[in-house]
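Start at 1 with the first residue, then count along the sequence. Quick caveat: nothing in here was measured; it's all calculated off a predicted structure.
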Amino acid sequence: MNLKTKHYGYLQHKNLFRLKPAPAEPAQEELPKAEVNPDDESLEESRRRTYHESGYRDSSRTSGNHSTLSICLDAVYSKFQNEEKEMVEKQQKLKESYVNEQKNRETEIKALTVSQETREEQLKTKNTEIENHQHTIENLKAEILDLPRNPEKYNVKAGRGASAKFWIGTILLIPITLYLATFYISTSYSAFFKSFDAKSTVIQSVLDANAWMKAWNDGFIEVAFVTLIPFVFLGLGFLIHMFGENKTKINYIKLAMLFIVTFIFDAILAYEIESKLYELNRTFESPSFYLKIAFTKIQFWGIIFAGFVVYVIWGLVFDFIMKEHREKDRIKNEQEIRQKKVEFFQEKINTLKKEIEEIIANIGNTKEVIIKTRGRIEELQNIIDGVIIPTKDYKLYASEYVQGWITFIGEKIAVSKTEKQTMIDSCIETYTTNLETVGANSDNQNLVYLSSL
């Protein structure tokens, strides 16, 4: 038994094809009548019976030709469409889920549109922020370049010639420092450790070129004393700068005391040297050396001013250099502050660019979703405007029609059994093809067919 025969047997088993009694007078084309009480017959049963009778009648007109059955099934499908279109309540019920989905999609569109507008506003705001930050960065870079030339323009207290003054002061400070070291090494050795020779001149007695080497030969204490004593005066000069930074009364007092102490120390060195020179040339008639006599000696004052005045000059030059350096540092600090701001705003720009990329990606995704959603809304509207054909129902009524068609073949066609079976198989094949064509033979029993009628 082939597939068609099996299918036919299956339909017979389900009692889908029922042989109807032939009309008494076929010449009058009297329709077959169901043996059912009309009062007890439901609308569904009546509709099924009508399709069955139509199949029987059409088969009688074409002698059960399966080729004609295909055309008739197309007409049956059109008739079914028209009937479904007229069933307003049923159509509304079938379309209810599509209407609800359309409303949900429209609500989704509104939400997506609002979200997109919000993101576009964020995009504009962030682009504006980037432009402002870039403008700020350009201004800061211009200020960094202009600061050394016009510090007062940016309320920076620094002279435009600070760099030149700094280097000139540094160049002057180096030889003055060497002079002070030489002077105090020599005078301190002469004042405290040296034995004067009557044949030596005053200059040779005061400024001994070999003072440090002689101190080295005399011992550790001597060489350490004459080596370190210049740093004492350099330290005092540094204090001049420190006390001069803050213009307060107490600092002025400290500064005055500092000058007095330095002057006294230089006076002690000069007194010791002058005393030794005096004793070297003293006679029996000469009085003992004392301070009043020292004040009358030119060498005494020369030694004091050769050390003290230069020491003051060193302190003032050092103070000047430090102030110039501070001015350079102030400009440099202002440049560094602006450079840090540049880096800060650059980081903000990079962060904003990343956020903009994310927003643009989200906007693109949102637009894509909106387009798809609008497309779906149009599809739903087409479904709502059209006619929904429940294919499961059509399959039921089409089978009733084919049952009527085959019933006529079985009852009225006078051919051999084999030939009759062939005709029935051809009709079943035509029926199956029709179901496939209209999409009624799908495994999904909830499949619907959209018609634009």
Side-chain angles (χ1 to χ4, degrees), residues 95-167 245-247 322-385:
K95 295 175 183 179
E96 185 177 353
S97 61
Y98 298 101
V99 172
N100 293 334
E101 183 182 352
Q102 187 184 49
K103 290 179 180 179
N104 293 335
R105 297 285 184 174
E106 289 173 349
T107 303
E108 183 180 348
I109 285 282
K110 292 179 181 178
L112 290 171
T113 303
V114 171
S115 176
Q116 185 179 13
E117 291 174 354
T118 302
R119 288 194 177 98
E120 288 175 351
E121 288 296 324
Q122 290 177 346
L123 190 61
K124 292 179 181 178
T125 302
K126 292 185 183 297
N127 281 325
T128 302
E129 287 183 20
I130 286 179
E131 291 177 0
N132 293 336
H133 291 335
Q134 288 176 338
H135 182 68
T136 302
I137 287 174
E138 291 175 0
N139 291 338
L140 287 170
K141 288 182 177 179
E143 290 180 8
I144 290 172
L145 296 175
D146 193 46
L147 256 171
R149 295 189 293 269
N150 301 297
E152 67 280 354
K153 180 180 177 181
Y154 308 99
N155 297 322
V156 179
K157 296 180 180 179
R160 279 179 283 183
S163 180
K165 293 177 182 179
F166 171 79
W167 289 113
E245 278 194 330
N246 298 321
K247 310 297 182 181
M322 295 303 294
K323 287 180 179 178
E324 293 298 317
H325 187 269
R326 184 167 59 249
E327 289 181 353
K328 287 181 60 180
D329 284 346
R330 189 178 292 115
I331 293 174
K332 185 177 179 181
N333 289 338
E334 289 294 330
Q335 288 177 318
E336 289 178 353
I337 289 171
R338 282 162 175 76
Q339 185 59 40
K340 288 181 180 178
K341 288 183 179 179
V342 168
E343 294 172 358
F344 170 75
F345 285 116
Q346 192 60 55
E347 288 179 0
K348 290 193 72 174
I349 287 175
N350 293 337
T351 302
L352 287 170
K353 285 182 177 179
K354 290 180 181 178
E355 292 176 357
I356 285 174
E357 289 176 359
E358 293 178 359
I359 291 173
I360 291 174
N362 289 333
I363 289 175
N365 293 335
T366 302
K367 287 181 178 179
E368 186 177 348
V369 173
I370 288 175
I371 291 172
K372 290 181 178 179
T373 304
R374 284 175 177 168
R376 178 57 180 166
I377 289 175
E378 290 179 3
E379 292 177 1
L380 293 170
Q381 188 62 47
N382 290 334
I383 294 173
I384 293 170
D385 293 340

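Summarising the geometry, atom CG belonging to Asn132 is positioned 11.0 Å from atom CG belonging to Asn127; distances are rounded to the nearest 0.5 Å. To the nearest 0.5 Å, atoms CG (Asn382) and CD1 (Ile377) are separated by 12.0 Å. Taking CD of Glu343 as the reference point, atom CD1 of Ile137 lies at 10.0 Å (rounded to 0.5 Å). Atoms NE2 and NZ, on His133 and Lys348 in that order, are 4.0 Å from each other to the nearest 0.5 Å. Rounded to the nearest 0.5 angstrom, Glu120 CD and Ile363 CD1 are separated by 5.0 Å. Here the CG-CD distance, from Leu380 to Glu101, works out to 4.5 Å after rounding to the nearest 0.5 Å.
Applying the side-chain contact (heavy atoms from CB on, under 4.5 Å) test to Glu378 and every residue at least two apart in sequence or in another chain returns nothing. Residues that satisfy the side chain to side chain donor-acceptor pair (under 3.5 Å) test with Arg374, not counting sequence neighbours, are absent from this structure. For Asn362, the side chain to side chain donor-acceptor pair (under 3.5 Å) test picks out no residue, with sequence neighbours left out. The side-chain contact (heavy atoms from CB on, under 4.5 Å) search around Lys103 returns Val99, not counting sequence neighbours. Contacts of Thr136 classified as side-chain contact (heavy atoms from CB on, under 4.5 Å), with partners at least two apart in sequence or in another chain: Leu140, Phe345. With sequence neighbours left out, Lys372 forms a salt bridge (charged side-chain N to carboxylate O under 4.0 Å, His left out) with Glu368.
Evaluation of the ring-ring contact (aromatic ring centres under 6.0 Å, His included) test over residues 102-129, restricted to residues two or more places apart or in two chains, returns none. The salt bridge (charged side-chain N to carboxylate O under 4.0 Å, His left out) contacts involving residues 127-138 comprise nothing, where partners must be two or more places apart or lie in separate chains. Screening residues 354-377 for ring-ring contact (aromatic ring centres under 6.0 Å, His included) gives no qualifying pairs among residues at least two apart or on separate chains. Applying the ring-ring contact (aromatic ring centres under 6.0 Å, His included) test to pairs two or more places apart or on separate chains, none has a residue in residues 346-379.
No side-chain heavy atom of Gln102 sits less than 4.5 Å from a side-chain heavy atom of Ile383.
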Under 3.5 Å, which donor-acceptor pairs link side chains of residues 109-118 to any protein atom two or more places apart or in another chain?
unit_1 : atom_1 : unit_2 : atom_2 : d
Thr113 : OG1    : Ile109 : O      : 2.7
Ser115 : OG     : Arg119 : NH1    : 2.7
Thr118 : OG1    : Val114 : O      : 2.9

All N/O donor-acceptor pairs, side-chain side in residues 350-360, below 3.5 Å, sequence neighbours left out:
unit_1 : atom_1 : unit_2 : atom_2 : d
Asn350 : ND2    : Gln346 : O      : 3.3
Thr351 : OG1    : Glu347 : O      : 2.9
Glu355 : OE1    : Lys126 : NZ     : 2.6

